[in-house]
Visitor: 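Here it is, the structure, as structure tokens.
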Amino acid sequence: MLPKVTVVTVNYNNSIGLEKTICSTISQTYSSIEYIIIDGASQDNSIDIIKKYEGQVNLWVSEEDSGVYDAMNKAIDLISGDWVVFMNSGDTFYNDEVIESLFHKNLDHNIAVVYGDVCLCFKYGEVIRKIGYSTGSNMPPLCHQATFLKAEKLKKRKFNLKYKLASDYDVNHSLYLAGEVFSYFECVIANYDMTGISAQRLDLYYNEVAEIKGNYSTLLMSIAVLKTWIRRFMPGFFDYLLFKVLKKRERKESSR
């Protein structure tokens, strides 16, 4: 019997992105998918979008929450699948066969995390980010849209609401330190919308990551503050610079 995969979409006032994500999820060819949508009492037409596809959604909830990770924790209490991936509004699967390609046969029961590469979608273009294998004590830089977690592990270790952008990193990091098995598939799993709030606040994200890893420093604080001021006075500059750097790295990797 193939494992059941739960796809969770968290949404708040992003009806356009929500519909993209729903269409991507319900188009998956894998036969054993549970789909859950957690909406934060949106004031736009998100509920109309959910109702439009209600027959292809297993469960949806719309109520106020205290942020994305609070909503994701609500979903954890509802999932019945063996594996879970958080594909939040605006993000999509790379193609219709992604889940099928990963779970068409039963994985080793020791594996706790399945992950792959991600396509970063900037307004300037797209960049394929190769995640790669773990090396020694260093956990690979996972992207939650391209990461499937074993549900039983996640139910024991929910997201810490202390962190606003890096709580998924915190969960993965704790599993990695605990010696759980991470399995890398060299394929692109998801399209990550780099115009979303998480991608736009990379300064806060890296601050939280540094705190989680225990190497927070004055230097990291200074870099984060600098990024914030650059974004404030030069809108789009940092995002464009990041895109150019990652695109250059992508070309180098593809030429090897």
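Quick caveat, the model's predicted, so the values are computed rather than measured. Note that the numbering runs from 1 along the sequence shown for the chain.
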Visitor: Decide whether Tyr35 and Thr9 meet the rule of one side-chain donor and one side-chain acceptor closer than 3.5 Å.
Guide: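 Checked: Tyr35/Thr9 side chains pair up, N/O donor to acceptor below 3.5 Å.
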Visitor: Who pairs with Asn191 by side chain to side chain donor-acceptor pair (under 3.5 Å), at least two apart in sequence or on another chain?
Guide: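 Thr92.
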Visitor: Which residue is it: Leu59, Ile22, Val7? I am looking for the one with a side chain to side chain contact (heavy atoms under 4.5 Å, CB included) to Ile37.
Guide: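 It is Ile22; the other options fail the test.
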Visitor: Just wondering, more than 12 heavy atoms not from Ile111 lying within 6.0 Å of its CD1?
Guide: yes
Visitor: Give me the ring orientation class for Phe103 and Tyr30: parallel if the planes are under 30° apart, tilted from 30 to 60°, perpendicular past 60°.
Guide: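 Plane angle between 30° and 60°, so tilted.
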Visitor: Is the Phe86-Phe159 ring centre distance short of 6.0 angstrom?
Guide: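 Distance test on ring centres: under 6.0 Å, yes.
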Visitor: Look at Lys130 together with Glu250 and state whether they make a salt bridge at an N to O cut-off of under 4.0 Å.
Guide: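 No, no charged N to carboxylate O under 4.0 Å.
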Visitor: What are the two closest non-hydrogen atoms of His109 and Lys150, and how far apart are they?
Guide: O-NZ, 2.6 Å
Visitor: Taking atom types as modelled, is there a side-chain donor on Asp168 or Tyr163 under 3.5 Å from an acceptor on the other?
Guide: no
Visitor: Could you tell me whether Glu208 and Lys162 have a side-chain N and a carboxylate O separated by less than 4.0 Å?
Guide: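 The answer is no: the pair does not qualify as a salt bridge.
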Visitor: Test side-chain contact (heavy atoms from CB on, under 4.5 Å) on Leu102 and Cys187; report intermediate values, then the result.
Guide: CA-CA 9 Å; Leu102 298 175; Cys187 66; 4.2 Å; yes
Visitor: May I ask you to decide whether Glu19 forms a salt bridge with Lys52, counting only side-chain N to carboxylate O separations under 4.0 Å?
Guide: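 Counted as a salt bridge, because a side-chain N and a carboxylate O are separated by less than 4.0 Å.
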Visitor: Quick one: side chain to side chain donor-acceptor pair (under 3.5 Å) partners of Asn106, sequence neighbours excluded?
Guide: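 With neighbours one apart ignored, the set is empty.
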Visitor: Please tell me if the side chains of Tyr12 and Asp44 come closer than 4.5 Å, counting only heavy atoms from C-beta onward.
Guide: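 No; the side chains remain at least 4.5 Å from each other.
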Visitor: Taking atom types as modelled and ignoring hydrogens, do the side chains of Ser42 and Asp39 form a donor-acceptor contact shorter than 3.5 angstrom?
Guide: yes
Visitor: In Å, rounded to the nearest 0.5 Å, how long is the span from CG of Asp70 to CG of Leu161?
Guide: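 Here the rounded value is 5.5 Å.
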Visitor: Taking atom CD as the centre, does Glu64 end up with more than 12 heavy-atom neighbours from other residues, nucleotides or ligands that are less than 6.0 angstrom away?
Guide: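 Count not over threshold, so no.
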Visitor: Checking side-chain hydrogen bond (donor to acceptor under 3.5 Å, both in side chains) between Lys4 and each of Ser80, Ser31, Ser32, which is the one that passes?
Guide: Ser80
Visitor: Looking only at the side chains, is there a donor atom on one of Asn160 and Ser167 sitting less than 3.5 Å from an acceptor on the other?
Guide: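 No - no donor-acceptor pair under 3.5 Å links their side chains.
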Visitor: Sequence neighbours left out, what passes salt bridge (charged side-chain N to carboxylate O under 4.0 Å, His left out) with Arg249? Give chain and number order.
Guide: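 By the salt bridge (charged side-chain N to carboxylate O under 4.0 Å, His left out) rule, Arg249 matches no residue at all.
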Visitor: Taking the inter-plane angle between the rings of Phe148 and Phe93 on a 0 to 90° scale, is it parallel (under 30°), tilted (30 to 60°) or perpendicular (over 60°)?
Guide: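 Phe148 and Phe93: parallel rings.
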Visitor: Would you tell me whether Thr29 and Asp96 have side-chain atoms, one donor and one acceptor, within less than 3.5 Å of each other?
Guide: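 No, no side-chain donor-acceptor pair sits under 3.5 Å.
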Visitor: Take atom NZ in Lys155; do more than 12 heavy atoms of anything else shown fall under 6.0 Å from it?
Guide: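 Atom NZ in Lys155 is packed in, count exceeds 12.
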Visitor: List the steps and the verdict of side-chain contact (heavy atoms from CB on, under 4.5 Å) for Val114 and Thr147.
Guide: CA-CA 6 Å; Val114 171; Thr147 303; over 6 Å; no
Visitor: Classify the side-chain pair Tyr184/Asp117 by whether it contains a donor and acceptor separated by less than 3.5 Å.
Guide: yes
Visitor: So how far is it from Asp65 CG to Lys74 NZ, rounded to the nearest 0.5 Å?
Guide: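 These two atoms lie 5.0 Å from each other.
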Visitor: Checking Thr21 against Asn88 for the side-chain contact (heavy atoms from CB on, under 4.5 Å) test, could you report, in this order, the C-alpha distance in whole Å, the side-chain angles of both residues, the deciding distance, and whether it holds?
Guide: CA-CA 7 Å; Thr21 306; Asn88 294 337; over 6 Å; no
Visitor: Less than 4.0 Å between a side-chain N and a carboxylate O, is that true for Lys123 and Asp193?
Guide: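 No salt bridge links Asp193 with Lys123.
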